[in-house]
Amino acid sequence: MSNPAKSIRIGTMVSGNKGDAAARIGQIADLGFESFEPFFWQTTKGQNLAELGKRCLDAIGDRDITISTLGMFGNPLEEDAIDLETLQGWKDCIDNAHHFGATCVAGFTGRVRGKPLTDSLPRYKQIWSELAKRAADKGIKIAFENCAMDGNWASGDWNIAHNPDAWELIFNETPDDHIGLEWEPCHQMVYLIDPLPQIRKWAHKFFHVHGKDATIRWEVIKEHGIFGKEKFVFMRTPGFGDSNWTDIISELRLAGWSGSIDIEGWHDPVYRDELEMTGQVHGLNYLKKCRGGDFIVDP
């Protein structure tokens with residue numbers, strides 16, 4: 001019988017910039033991951049994405065593994081050469097997502113650099129109205145990661161979709177049903193926002209979820225504040241941070257959400273470098289336990 005618990009899959013991200021995304025999938029596919037998110041940082045480097053998609057699916061083979069989302073991270077609102085490559089990357093990912101079996105492309109909104117968040121809205125509407133139409137024609141959803149990239153309301157370089165007040169603004173500019181969020185609790189926790197109430201309000205706009213957590217050092221905040229020399233928060237792989245992912249997944253289920261939670265690694269201060277995959281596999285097994293359903297007995 002099919003396992004209804006696995007309407008939420010647990011996977012990981014795989015970099016596509018070096019052209020070896022398919023090889024990497026083949027290397028780690030038997031570790032228990034149920035989905036992958038191939039992603040690109042600022043540029044696809046001119047890769048043939050149709051061919052790459054085929055190679056990624058060939059690497060998966062007959063395993064029960066999906067690719068629901070491609071990632072294209074950069075600043076498509078600005079006009080430096082690398083930003084124009086990001087914009088072209090978005091177009092290419094939208095046009096070729098189906099070759100991966102994906103139905104969503106995710107990344108940053110972009111931002112007018114160094115300006116208050118609201119100054120980006122006209123350019124956001126110009127760029128994303130066009131990309132939204134392109135995605136609709138292809139049956140693709142667009143999801144903005146809720147990452148500030150060290151920006152805030154007053155200034156930033158990468159993304160304006162990092163705050164629920166900003167979500168209200170951008171979804172007003174682009175009210176399309178197929179534009180939503182690539183959400184994770186970590187990016188809210190680093191700004192001391194409680195992520196659980198967000199699920200209850202915004203889950204209908206969550207098209208993809210990243211598996212990333214945070215550890216907030218409240219003793220540092222009480223003594224040094226958040227602008228002192230001591231680091232008050234660490235990004236963590238799930239299973240090592242503050243969040244109870246059983247609660248998070250329960251809230252997602254209560255909201256009727258289904259899809260992939262793909263671990264975003266490479267941030268944990270402990271499980272990194274040689275310990276990266278040790279941490280990721282721990283996070284994978286932890287998230288599966290929080291999800292439940294890996295052992296089904298027919299009555």
Side-chain angles (χ1 to χ4, degrees), residues 2-16 21-22 24-25 28-40 53 56-57 59-61 63-73 93-94 96-107 135 139-147 178-187 195 198-199 202-213 237-239 243 245-246 248-267 277 280-294:
S2 62
N3 187 341
K6 293 187 179 179
S7 62
I8 294 178
R9 289 175 174 264
I10 311 299
T12 192
M13 301 176 70
V14 176
S15 174
R24 182 59 175 162
I25 286 173
I28 64 175
D30 291 325
L31 295 179
F33 295 108
E34 300 165 340
S35 62
F36 290 109
E37 179 189 1
F39 73 95
F40 305 93
C56 286
L57 293 181
I60 290 171
R63 301 177 182 91
D64 183 19
I65 296 173
T66 63
I67 296 174
S68 71
T69 300
L70 300 183
M72 184 67 239
F73 297 94
C93 284
I94 289 169
N96 290 282
H98 65 285
H99 291 294
F100 295 79
T103 57
C104 181
V105 180
I140 299 297
K141 293 180 178 180
I142 291 171
F144 300 130
E145 186 178 2
N146 61 327
C147 176
H178 65 293
I179 293 184
L181 297 170
E182 180 176 64
W183 182 86
E184 65 177 68
C186 172
H187 289 315
Q198 284 189 351
I199 301 175
W202 290 98
H204 68 288
K205 280 291 194 180
F206 294 177
F207 296 161
H208 188 241
V209 172
H210 272 170
K212 193 157 96 242
D213 206 344
T237 302
S243 296
W245 281 81
T246 298
I248 291 171
I249 292 173
S250 293
E251 290 291 345
L252 288 170
R253 288 196 191 280
L254 285 170
W257 189 86
S258 62
S260 294
I261 300 174
D262 288 327
I263 293 169
E264 181 185 347
W266 313 289
H267 292 280
M277 290 313 297
Q280 285 208 31
V281 171
H282 174 87
L284 168 69
N285 292 326
Y286 167 75
L287 290 173
K288 284 183 175 182
K289 181 179 178 181
C290 292
R291 174 194 66 187
D294 282 283

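Every residue two or more places apart in sequence or in another chain was checked for a ring-ring contact (aromatic ring centres under 6.0 Å, His included) with H204, and none qualifies. By the salt bridge (Lys or Arg N to Asp or Glu O under 4.0 Å) test, R24 is found to be paired with no residue, residues two or more places apart in sequence or in another chain being considered. Residues passing the salt bridge (Lys or Arg N to Asp or Glu O under 4.0 Å) test with K212, sequence neighbours excluded: E184, E264. Applying the side-chain hydrogen bond (donor to acceptor under 3.5 Å, both in side chains) test to S243 and every residue at least two apart in sequence or in another chain returns D213. Q198 meets the side-chain hydrogen bond (donor to acceptor under 3.5 Å, both in side chains) test with W183, Q188; sequence neighbours excluded. Every residue meeting the ring-ring contact (aromatic ring centres under 6.0 Å, His included) condition with H210, not counting sequence neighbours, appears here in chain and number order: H208.
The closest side-chain heavy-atom distance from V105 to I142 is not below 4.5 Å. Two residues are said to be in side-chain contact when any heavy atoms from C-beta on lie closer than 4.5 Å; L70 and I94 fail this criterion. In this structure, I261 and I249 have side chains that are in contact, with non-hydrogen atoms separated by less than 4.5 Å. Between L181 and F207, the closest side-chain pair of non-hydrogen atoms is not below 4.5 Å. Residues T12 and L284 are not in side-chain contact: their nearest non-hydrogen atoms beyond the backbone lie 4.5 Å or more apart. Put simply, the side chain of I10 does not reach to within 4.5 Å of the side chain of S35, judged on heavy atoms. By the 4.5 Å heavy-atom criterion applied to side chains, W257 and F206 are counted as neighbours. Side chains of C56 and F36 form no contact here, defined as non-hydrogen atoms less than 4.5 Å apart.
A salt bridge links R63 with D30: the closest approach of a Lys/Arg side-chain nitrogen to an acidic carboxylate oxygen falls below 4.0 angstrom. Note on E34 versus R291: salt bridge recorded, some NZ/NE/NH1/NH2 to OD/OE distance being below 4.0 Å.
Between the side chain of K288 and the backbone N or O of G283, no donor-acceptor pair lies under 3.5 Å. Y286 contributes a side-chain N or O that, together with a main-chain N or O of W245, makes up a donor-acceptor pair within less than 3.5 Å.
Nearest approach of I25 to A59, heavy atoms of both residues: CG2-CB, 4.0 Å. Residues A21 and G16 approach most closely at CB-CA, 4.0 Å, considering heavy atoms. Residues I263 and Q280 approach most closely at CD1-O, 3.6 Å, considering heavy atoms. Nearest heavy atoms, F100 versus P38: CD2-CG, 4.3 Å.
Atom NE2 of residue H187 and atom CD of residue E182 lie 8.5 Å apart, to the nearest 0.5 angstrom. Atoms NZ and OG1, from K141 and T103 in turn, are 6.5 Å apart once rounded to the nearest 0.5 Å. Of the inter-residue distances, the one linking W266 atom CH2 with S15 atom OG reads 7.0 Å to the nearest 0.5 angstrom. Here S260 contributes atom OG and I65 contributes atom CD1; the two are 11.0 Å apart, rounded to the nearest 0.5 Å.
In this model, no donor atom of one side chain and acceptor atom of the other lie less than 3.5 Å apart for T69 and E37.
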Q.
If you apply the rule side chain to side chain contact (heavy atoms under 4.5 Å, CB included), what do you find for S7 with R253, and how did you get there?
A. CA-CA 9 Å; S7 62; R253 288 196 191 280; 3.5 Å; yes

Q: In sequence, state the C-alpha distance, the side-chain angles, and the governing distance for I8 and L287, and then conclude on side chain to side chain contact (heavy atoms under 4.5 Å, CB included).
A: CA-CA 10 Å; I8 294 178; L287 290 173; over 6 Å; no

